Amino acid sequence: MNQVRKIVLSSAFIAFGIVLPVAFHFTGIAGSIFLPMHIPVLIAGLFLGARAGLAVGVLTPIISSLTTGMPPLLPMMPAMAAELGAFGLIGGYFYKTRKVPLLVSLLSAMVLGRLVSLVMNYGLVLFLNLGIDPIYYFSASVIKGLPGIIIQFITVPFFIKKLEAAGLQKYRMR
C-alpha cells in the first residue's frame, strides 16, 4: 500500500508540474522567466527522494510537451527532461540519502542540474546543427530565469518544511 501512495504523490507532482506552467502562460506570465515547472520537480526530489525525483523530473516535461506543446518537443524538451531529472535526482540524493541541509541540497540540485542542461544543450546544438552558441544560449537562459531561481529558493524550502511538518515524509521513495 505504501508503494501506491508513493506513486500517487509522484503523479500529483507531475500533474502540478504540467498545470502550473499552463496557468502561467494562460495569464501571460513567461515560463522562461519564472520557471514554474521546476518548482514541483524540486519539491518532489527533496521530499520523495532521488528515484521519485528523477522520475518526476524526466516525465514532467515529456508529458507536458506531448499534451500542451510546452516545452517544444525539439530542441527544448530533451534538455529540460535531463535538467529536471537531474534536479530531482540530485536534490533527493543529497537531502534524503546523504542528509545534507535543505538549502545546500537545493542549491546543489540547481547548479548541477543546470550543468546537465548545458551539456545536453551543447549536444543538441551539435546534433541538430542549430548554428547557435550553446554557452551563450545557456547563459542567456540562466540570466533570464533569475526571477524563477529566486522564487525557487523561497518557495521550495517553504513547501518542503510544510510537507514534513504535516507528517507526510513516510511516503518518500528511497
Side-chain angles (χ1 to χ4, degrees), residues 2-24 31-32 34-67 70-71 76-121 138 141-142 145-174:
N2 196 24
Q3 194 68 14
V4 172
R5 290 182 182 143
K6 293 174 187 176
I7 292 169
V8 168
L9 285 172
S10 295
S11 300
F13 283 116
I14 291 170
F16 190 50
I18 294 168
V19 171
L20 189 58
V22 169
F24 268 67
S32 60
F34 293 103
L35 311 172
M37 191 179 290
H38 296 200
I39 294 170
V41 171
L42 287 163
I43 294 171
L46 293 164
F47 183 66
L48 297 174
R51 286 186 6 206
L54 174 64
V56 171
V58 169
L59 291 173
T60 301
I62 292 172
I63 294 170
S64 181
S65 181
L66 294 174
T67 58
M70 299 177 298
M76 291 181 65
M77 189 277 296
M80 278 191 71
E83 176 185 27
L84 296 182
F87 278 1
L89 176 72
I90 294 163
Y93 174 74
F94 281 130
Y95 189 60
K96 290 296 182 187
T97 305
R98 304 298 297 168
K99 307 297 184 206
V100 173
L102 178 58
L103 289 177
V104 175
S105 297
L106 177 60
L107 178 63
S108 299
M110 292 170 72
V111 169
L112 295 173
R114 282 183 173 77
L115 289 176
V116 168
S117 175
L118 175 62
V119 170
M120 273 298 289
N121 279 311
F138 174 78
S141 69
V142 169
L146 280 176
I149 292 168
I150 293 166
I151 289 169
Q152 291 164 18
F153 271 113
I154 295 168
T155 59
V156 171
F158 172 80
F159 284 114
I160 293 295
K161 294 300 181 187
K162 289 292 184 186
L163 289 167
E164 289 174 346
L168 294 175
Q169 64 268 26
K170 64 184 173 185
Y171 300 126
R172 72 176 175 87
M173 292 185 178
R174 298 201 185 276

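All of these numbers come straight from a predicted model, not from anything done at the bench. Every heavy atom of this structure was used, including side-chain atoms; hydrogens, water molecules and symmetry mates were not.
- The minimum heavy-atom distance linking P78 with M120 is given by the pair O-CE, 3.6 Å.
- Checking side-chain atoms of S64 against main-chain N and O of M70 turns up a donor-acceptor pair under 3.5 Å.
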Original post:
Where do L163 and I43 land on the side chain to side chain contact (heavy atoms under 4.5 Å, CB included) test, with the steps shown first?
Top reply: CA-CA 10 Å; L163 289 167; I43 294 171; 3.8 Å; yes

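- Going from atom CG of L84 over to atom CG of L89 covers 12.5 Å, rounded to the nearest 0.5 Å.
- Of all the heavy atoms in A109 and G91, the pair that sits closest is CB-N, 3.6 Å.
- The shortest non-hydrogen separation linking V41 to G57 is CG1-CA, 3.6 Å.
- Residue G113 comes nearest to E83 through the heavy atom pair O-CG, 3.4 Å, listed as atom of the first residue, atom of the second, then distance.
- When atom types are taken as modelled, the side chain of S10 and the backbone of V56 share no donor-acceptor pair closer than 3.5 angstrom.
- Between the CD1 atom of I154 and the CD1 atom of I39 there is a distance of 10.0 Å, given to the nearest 0.5 Å.
- Between H38 and F87, the ring planes are perpendicular. Angles over 60° get that label, and only those under 30° would be called parallel.
- For the atom pair CZ of F47 and CG of L42, the computed distance is 14.5 Å after rounding to the nearest 0.5 Å.
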Original post:
Please walk me through it: do L102 and Y95 pass side chain to side chain contact (heavy atoms under 4.5 Å, CB included)?
Top reply: CA-CA 6 Å; L102 178 58; Y95 189 60; 3.6 Å; yes

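- Minimum heavy-atom separation, M37 to G17: CG-O, 3.5 Å.
- S105 and L46 make their closest contact through CB-CD2, 3.9 Å (heavy atoms, listed as atom of the first residue, atom of the second, distance).
- To the nearest 0.5 angstrom, L35 atom CG is 11.0 Å from I150 atom CD1.
- Taken from CG in L20 to CD1 in I18, the straight-line distance is 11.5 Å, to the nearest 0.5 Å.
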Subject >> Worked verdict on V116 versus V119 for side chain to side chain contact (heavy atoms under 4.5 Å, CB included) >> reply: CA-CA 5 Å; V116 168; V119 170; 5.8 Å; no

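- Without hydrogens or angle criteria, S65 side chain to I62 main chain gives no donor-acceptor distance under 3.5 Å.
- Here the straight-line distance linking atom CZ of F16 with atom OG1 of T60 works out to 11.5 Å at 0.5 Å rounding.
- Residues I149 and R114 have side chains in contact (heavy-atom distance under 4.5 Å, counting atoms from C-beta outward).
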**OP:** Kindly determine whether V104 and F94 satisfy side chain to side chain contact (heavy atoms under 4.5 Å, CB included), including the steps that lead there.
**Re:** CA-CA 8 Å; V104 175; F94 281 130; over 6 Å; no

